[in-house]
Every structure is written in C-alpha cells, then in structure tokens.
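Data first, discussion second: the structure below is written as structure tokens.
Quick caveat, the model's predicted, so the values are computed rather than measured. Lettering of chains follows the sequences in order, A, B, ..., and the numbering in each one begins at 1.
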Number of protein chains: 2
Amino acid sequence: MLTSDMPSEKDIPDVTEAELAVMERVWSTPDVTIRAIADELYPGGGVAHYTTVQKLIERLEAKDFLRRDNSQMAHRFTAIVGREELIGRRLRAMAEKLCGGSMTPLLTSLVESSKLTAKEFDELRELIDKVSRKRKRS
Amino acid sequence: MLTSDMPSEKDIPDVTEAELAVMERVWSTPDVTIRAIADELYPGGGVAHYTTVQKLIERLEAKDFLRRDNSQMAHRFTAIVGREELIGRRLRAMAEKLCGGSMTPLLTSLVESSKLTAKEFDELRELIDKVSRKRKRS
DNA sequence: TGAGCATAAGACGCGGTGTCTTAGGTTGTC
DNA sequence: GACAACCTAAGACACCGCGTCTTATGCTCA
C-alpha cells in the first residue's frame, strides 16, 4: 500500500544495471551486434553469457530503448534513447519522488547540502549565466 | 557479473519507496512517534500496519537515517539525513552510474529543463555565491 | 551432412522489499 | 491484583524484479 505506482512515473521506462551496461555498448558502437557486446562484457564467455545479453537486448527493445535491424542474419542494434535522454528521465523521476515534480529543488538542494566541489560550483555558475543569457534573448 | 557493486556507491545508503514515505513524516513532524506515522499512512489500520511502520523505522535507524529517543515508552524519532542530503546522495549516485562520476551532464540537464524564471535564476546565483563564499572561509 | 553461430522462448534462483505473526514488557484503570 | 490497551522486539513470509541459464530451432558454409 505504501508503494504508489502512479502512471506518471510508471509509464516512463528505465533500465536496470545490466541493461545499462548493454546500452553503454550500443551507445559507443554503431550498429553493434550481440556477439560484440557479449565478447566485451563477458570475455571468453560461453553460450549462457551470450543469451544473457540477448535477453537483455530483448527487454530493451520491448521498452523502446533500441531498434533492431534484422536485414542480416546477425542482427544489428541502434540506440533510440540516448544517454542525455536517460539522464533527463531519471532526473524527472527523482523530482517526482522527492520534490513533488519540480526540478528546481534538486538544484537548490544540491547547492545547499554542499555536495558540490569548488570546481563544480564554478561550472554551475557558468552554466546558469549562459542559460539565463540565452533565455533572455528569446 | 554485470552488476557492479563498487564500494563507492554501495556504502552510501539510500531509502526504499516505503521508507521514503516514512521519512516524509519524520521530516515534517518533530519528535514523531510510530503511532502517528502509522495512523497517517494507514488510516484505520490494525496491528500489522503498525508493525510494518515499526520495521521500516528499524531499517532506517540501522542506516542512520534517523535517531531514536527512547526516554519515554513510546519512542520519538528525529531525522538525521534531511531531504537535501538525500537528494545530493541520489544525484551523486546517478552521476556515478551514468556519467563516470561527473556531475556536469546532470547539472546541464537540470538547469536547462528546470524552467527557471529570471528571478529564480538570480536567486540561485545568489545562493551559489553565498555558499561558495562560506566555503572559502573554512 | 555436420559443425558453428545465430535467434527465440521459457524457466530458474536469489535477493530486496513490504507485510504480517508472534511473544513479551509497561502503563493505566477497575 | 487482574485485565485491557498500548508499546517494543524479532523473526518469518510472499511476492517480484532481475540476472542467468537451458533448450529448441534455423541459417550458412566447408
């Protein structure tokens, strides 16, 4: 009863840890094959490891994270959801769970809780200046 | 094998969804009791619901998210980890998993997608200055 | 024709998580 | 003192997500 499954967050798919490891290869290698991913994630792995990757790919495809090209016998895969998009989704989910849906408290909390290094502070300041300047022009 | 449990992220505790619901009450009510939380989360709930909250509290205490005052028979609880701190932890963990530890992509996404008004931009800038000034003094 | 590699589909085990059961101690009231 | 009503403490439980593995089948080429 305490686990609220509102459609607002439930409908936007995320990836598990193993799926993310697969997506990393899909992002870095264009038209990657299952074999290539398996060889990289499980060096010297057997059939079981190969089909593990296959199952992960199958689930990622079901969640529309990647597209399959089956024109050749060994299928090729391309990312639909990029890293930036995934970051955005997770930030949004986080804002939903922790801040009533607003992204602003995420920023202010980060600043207030002193969880940023001096360097990151400077980066953030610069970023804000840039965006607010750009915002003004429109 | 694909699930990497490096101590960098594993050692920093997080809360589950039900635990978060409890923390919300701990944050909002000073010196809250289990009874008060249970009555709010499970209106008209029985013994089972009460002990559910109790178990969640026990786990939160084990993770040092709250402190127990057992001077009275009905124990009182106070938050150790605040919402801001929790947000910071989750953002850090996210940077770790998705950006190799760098916060920059997260900050970029946050600033761009949090539709800040000009006024909020100024407020945030001010906040950053204040905190970074305080930082320098120590 | 058989070896090698691909896909497809299902089953499995483990661990996390929310929940519940049970036992026992303290307080207040008749 | 006895009893009800509250509290704590500790463990067990069921469900489910997730990573993994098994098995069956098909295509390609020496």
Side-chain angles (χ1 to χ4, degrees), chain A residues 1-5 9-25 31-63 65-77 93 97, chain B residues 1-5 9-25 31-63 65-77 93 97:
Chain A
M1 200 68 96
L2 284 189
T3 61
S4 73
D5 48 350
E9 52 184 281
K10 190 64 183 174
D11 259 340
I12 303 172
D14 197 353
V15 298
T16 68
E17 200 169 349
E19 286 167 1
L20 178 59
V22 169
M23 284 305 293
E24 290 286 350
R25 318 296 155 159
D31 289 322
V32 72
T33 69
I34 295 180
R35 172 62 52 192
I37 298 176
D39 283 349
E40 209 168 348
L41 292 183
Y42 303 93
V47 190
H49 292 136
Y50 179 92
T51 55
T52 294
V53 174
Q54 188 183 351
K55 177 62 69 180
L56 293 172
I57 289 249
E58 174 191 327
R59 290 171 183 167
L60 284 168
E61 189 186 11
K63 288 188 281 191
F65 270 81
L66 43 80
R67 172 176 23 251
R68 179 189 303 254
D69 167 24
N70 59 355
S71 62
Q72 308 174 52
M73 177 181 174
H75 298 179
R76 310 268 165 173
F77 299 91
K97 286 187 209 169
Chain B
M1 200 68 94
L2 284 190
T3 61
S4 72
D5 49 349
E9 52 184 281
K10 190 62 184 177
D11 259 340
I12 303 171
D14 198 351
V15 297
T16 69
E17 200 169 351
E19 287 166 0
L20 178 59
V22 169
M23 283 307 293
E24 290 285 349
R25 317 297 154 158
D31 288 322
V32 72
T33 68
I34 295 180
R35 171 63 52 193
I37 297 175
D39 284 350
E40 208 168 348
L41 292 183
Y42 302 93
V47 189
H49 292 136
Y50 180 91
T51 54
T52 294
V53 174
Q54 188 182 352
K55 177 62 70 179
L56 293 172
I57 289 249
E58 175 190 327
R59 290 172 183 168
L60 284 168
E61 190 186 12
K63 289 189 281 192
F65 270 80
L66 45 79
R67 173 176 24 249
R68 179 190 302 254
D69 166 24
N70 60 353
S71 61
Q72 308 174 51
M73 178 182 174
H75 298 179
R76 310 267 165 172
F77 299 91
K97 286 187 211 167

Quiz item: Could you state the CD-C1' distance from Glu19(A) to dG19(D), rounded to the nearest angstrom?
Solution: 10 Å

Self-check item: Sole residue of Ile34(A), Val22(A), Asn70(A) in side chain to side chain contact (heavy atoms under 4.5 Å, CB included) with Phe77(A)
Solution: Ile34(A)

Quiz item: What is the distance, rounded to the nearest whole Å, between atom CZ of Phe77(A) and atom C1' of dA6(C)?
Solution: 11 Å

Quiz item: Taking atom C1' of dC5(C) as reference, at what distance in whole Å does atom CG of Asp39(A) sit?
Solution: 12 Å

Quiz item: Would Tyr42(B) and Thr52(B) satisfy side-chain contact (heavy atoms from CB on, under 4.5 Å), going step by step from the backbone distance to the final call?
Solution: CA-CA 10 Å; Tyr42(B) 302 93; Thr52(B) 294; 3.7 Å; yes

Self-check item: Integer-rounded Å distance: dG18(C) C1' and Ile57(B) CD1
Solution: 15 Å

Self-check item: Distance in angstrom units between Glu58(A) CD and dT7(C) C1', rounded
Solution: 10 Å

Exercise. Answer with yes or no whether Gln54(B) presents, from its side chain, a donor or acceptor under 3.5 Å of a partner atom in the base of dA9(D).
Key: yes

Quiz item: Do the side chain of Glu17(A) and the main chain of Ser4(B) share a donor and acceptor less than 3.5 angstrom apart?
Solution: yes

Using the 3.5 Å cut-off, write out each protein N or O paired with an N or O of nucleotides 19-22 of chain C and the distance between them.
residue	atom	partner	partner atom	Å
dT19(C)	OP1	Met1(A)	N	2.4
dT19(C)	OP1	Leu2(A)	N	3.4
dT19(C)	OP2	Tyr42(B)	OH	2.6
dT21(C)	O4	Thr51(B)	OG1	3.3

Quiz item: Which residues, if any, of residues 67-75 of chain B bring a heavy atom under 4.0 Å of DNA chain D?
Solution: Arg68(B), Met73(B), Ala74(B), His75(B)

Result block: side-chain N/O donor-acceptor pairs under 3.5 angstrom for residues 54-61 of chain A, not counting sequence neighbours:
residue	atom	partner	partner atom	Å
Lys55(A)	NZ	Glu58(A)	OE1	3.4
Glu61(A)	OE1	Arg68(A)	NE	3.1
Glu61(A)	OE1	Arg68(A)	NH2	2.8
Glu61(A)	OE2	Arg68(A)	NE	3.3

Practice problem: Write down the distance between CG (Leu20(A)) and C1' (dG19(D)), rounded to a whole number of angstrom. | Solution: 14 Å

Practice problem: Mind checking salt bridge (charged side-chain N to carboxylate O under 4.0 Å, His left out) for Asp31(A) and listing every partner two or more places apart, or none if nothing turns up? | Solution: none

Practice problem: Write out all pairs satisfying salt bridge (Lys or Arg N to Asp or Glu O under 4.0 Å) with one or both partners inside residues 36-52 of chain A, taking only residues at least two apart or from two chains. | Solution: Arg25(A)-Glu40(A), Arg35(A)-Asp39(A)

Quiz item: Roughly how far apart are Leu41(B) CG and Met1(A) CE, rounded to 0.5 Å?
Solution: 11.0 Å

Quiz prompt | Side-chain N or O of Tyr50(A) closer than 4.0 Å to phosphate OP1/OP2 of dC21(D) | solution = no

Self-check item: Under the ring pair (Phe, Tyr, Trp, His ring centres under 6.0 Å) test, residues paired with His75(B) that sit two or more places apart
Solution: none

Exercise. Test side-chain contact (heavy atoms from CB on, under 4.5 Å) on Leu66(A) and Met23(A) and set out the steps.
Key: CA-CA 8 Å; Leu66(A) 43 80; Met23(A) 284 305 293; 4.0 Å; yes

